[in-house]
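This report concerns only the one structure given below.
Order of appearance sets the numbers: ligands from 1, and atoms from 1 within every ligand. Bear in mind that the values here come from a model prediction, so they are computed numbers and not experimental data.
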Amino acid sequence: MDIVVSGIRPTGNLHLGNYFGALKSFVKMQEENHCYFFIADYHSLTTHPTPADLHGNVKTVLVEFLACGLDPEKATLYIQSDLPETAELYLLLNMNAYVGELERCTSFKEKIRTQPQNVNAGLLTYPTLMAADIIIHRAHKVPVGKDQEQHLEMTRTFANRFNRVYSVDYFPEPVAYNFGENLVKIPGLDGSLKMSKSDNENSSIFLADTPEVIRKKVMKAVTDSGPANPNNPRSQGVVNLFSLMSYFSSPDTLKHFEDSYQSGTIRYGDMKKQLAEDIILFTSPLREKIMMLAADEVYLKKVASMGAEKARASAAKTIREVREIIGFKPF
Ligand code: ADP
Ligand code: TRP
């Protein structure tokens, strides 16, 4: 059984793109692998959240992951900062991570550009912390999107370097988890190719949105002036509406609007009304679970402490062995 590790940044509510792009595959993954899924709250300190925001965002992600079907009995679900072993491994890895290679990292260069007033050392060493997260469990696989490939490559560099420096074959070389079927990409309501809360809040529908909010957002979705000639290329906004419909509406409904587009009689307002109701049907059970879980502090505490206990068992073993390899010896 492969050991899989993935970290989720606590950036607030999950949207439909997060659900179809990441969560659904995590739920499947937990059946066939030994999965460690954690909420990366140490990493989020690089942007200086307030104490209230930090805890609130961690809770939101924990609740929404559970609501979507991550099972704390099957996967090990934990909060990064509950694992001090990760911080220790991060310190040790930093001794063999070179400032030059960290400075060349694309995500660091991007941060220098976007937050020049806060280029902290945590940002520079973000990749060593991420490597520590992964190799603390001696993971084989990491589900990562394109934007994280370079970080995973650096993890391999640090793991191999450790093996070489100490002449051991201790850390496996983690590779990207192969999702098999093509990953879906949920488009945005604003005519963008990818639903994303970082680009535009209104492009996203969150799992926890109320039906009223969903109706409002969908009715405001970007379209065009209509099919003057159905053979002309459709605007991206309209392509997106049809694409969303293919996920949330029945094949009959989709066909109905395809036909009316082809005949030039389509009314985007009607299409949006229908789409909103179909999305609401999909999100309602999830939203109910989210509300129930958010109110159940006792259960959340149990999940977090059970996850921390399981994760710490694995991490403590690694740290014990790493200390021995490096040459720390008790007197
Ligand atoms: P955002 O762009 O809204 O900030 P994140 O970058 O936090 O989203 O995404 C977290 C996870 O969700 C990643 O694994 C990413 O690939 C997936 N994801 C995000 N948006 C989409 C989308 N529109 N379609 C499919 N997957 C997505
Ligand atoms: N850097 C990842 C992101 O931005 C989050 C993350 C932190 C992570 N540690 C990890 C992902 C370990 C996979 C494995 O999405």
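- Near Tyr126, with a cut-off below 4.0 Å to any heavy atom, the atoms of ligand 2 are 1 (N), 2 (C), 3 (C), 4 (O), 5 (C).
- Between His15 and Phe206, the ring planes are tilted. Angles from 30° to 60° get that label.
- Polar contact check, Ala22 against ligand 1: no nitrogen or oxygen pair lies under 3.5 Å apart.
- Atoms of ligand 1 found under 4.0 Å from any heavy atom of Met195, numbered from 1 in the order shown, are 20 (N), 21 (C), 22 (C), 23 (N).
- Within the 4.0 Å heavy-atom criterion, the part of Phe38 lying near ligand 2 is the side chain and not the backbone.
- Not a single N or O atom of Thr11, backbone or side chain, sits closer than 3.5 Å to an N or O atom of ligand 1.
- The two residues Arg287 and Ala208 make their nearest non-hydrogen contact at NE-O, 3.3 Å.
- Between Lys185 and ligand 1, a contact under 3.5 Å exists for no N or O pair.
- Aromatic ring orientation, Phe162 versus Tyr166: tilted (interplanar angle from 30° to 60°).
- When only interatomic distances are considered, the shortest N/O to N/O separation between Phe20 and ligand 1 does not fall below 3.5 Å.
- In this structure, atom 9 (N) of ligand 2 lies nearest to the protein heavy atom Asp133 OD2, 2.8 Å.
- In Val184, the part holding a heavy atom less than 4.0 Å from any atom of ligand 1 is the backbone.
- In this structure, atom 2 (C) of ligand 2 lies nearest to the protein heavy atom Gln148 OE1, 3.3 Å.
- Scanning both residues, Thr283 and Leu16, for their nearest heavy atoms gives CG2-CD2, 3.9 Å.
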Let's go through Tyr19 and Phe248 carefully: what are the C-alpha distance in whole Å and the side-chain angles of both, what is the deciding distance for ring-ring contact (aromatic ring centres under 6.0 Å, His included) to 0.1 Å, and is it a yes or a no?
CA-CA 13 Å; Tyr19 180 84; Phe248 299 101; 8.9 Å; no
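- Proximity of Ile134 to ligand 2, defined as any heavy-atom pair under 4.0 Å, is confined to the side chain (atoms from C-beta onward).
- In this structure, Arg234 forms a cation-pi arrangement with Tyr261, its terminal cationic atom sitting closer than 6.0 Å to the ring centre and no more than 45° off the ring axis.
- For atom 2 (O) of ligand 1, the choice among Gly21, Pro10, Ser196, Pro187 with the nearest heavy atom turns out to be Ser196.
- For Ser6, no nitrogen or oxygen atom sits less than 3.5 Å from a nitrogen or oxygen atom of ligand 2, counting backbone and side chain alike.
- A donor and an acceptor atom, one from each side chain of Asp252 and Ser250, are nowhere located under 3.5 Å apart.
- For the residue pair Tyr247 and Asp278, no side-chain donor N or O sits within less than 3.5 Å of a side-chain acceptor on the partner.
- The protein non-hydrogen atom at the shortest distance from atom 6 (C) of ligand 2 is Gly7 O, 3.8 Å.
- Counting the atoms of ligand 2 from 1 in the order shown, those under 4.0 Å from a heavy atom of His43 are 7 (C), 9 (N).
- Evaluated by nearest non-hydrogen atom to atom 19 (C) of ligand 1, the leading choice among Asn18, Leu16, Asn13 is Asn18.
- Listed by number with element, the atoms of ligand 2 under 4.0 angstrom from any heavy atom of Val142 are 13 (C), 14 (C).
- Considering CG of Asp133 and OH of Tyr90, their distance stands at 10.5 Å, rounded to 0.5 Å.
- Listed by atom number, the atoms of ligand 1 under 4.0 Å from Arg9 heavy atoms are 6 (O), 7 (O).
- Residues Gln236 and Asn240 have side chains that bring a donor and an acceptor to within less than 3.5 angstrom of each other.
- For atom 4 (O) of ligand 2, the closest non-hydrogen atom on the protein side is Arg9 NE, 2.7 Å.
- Under the 4.0 Å criterion applied to side-chain N and carboxylate O atoms, Glu297 and Lys59 are assigned as salt-bridge partners.
- You'll find the ring centres of Phe26 and Tyr177 outside the 6.0 Å limit.
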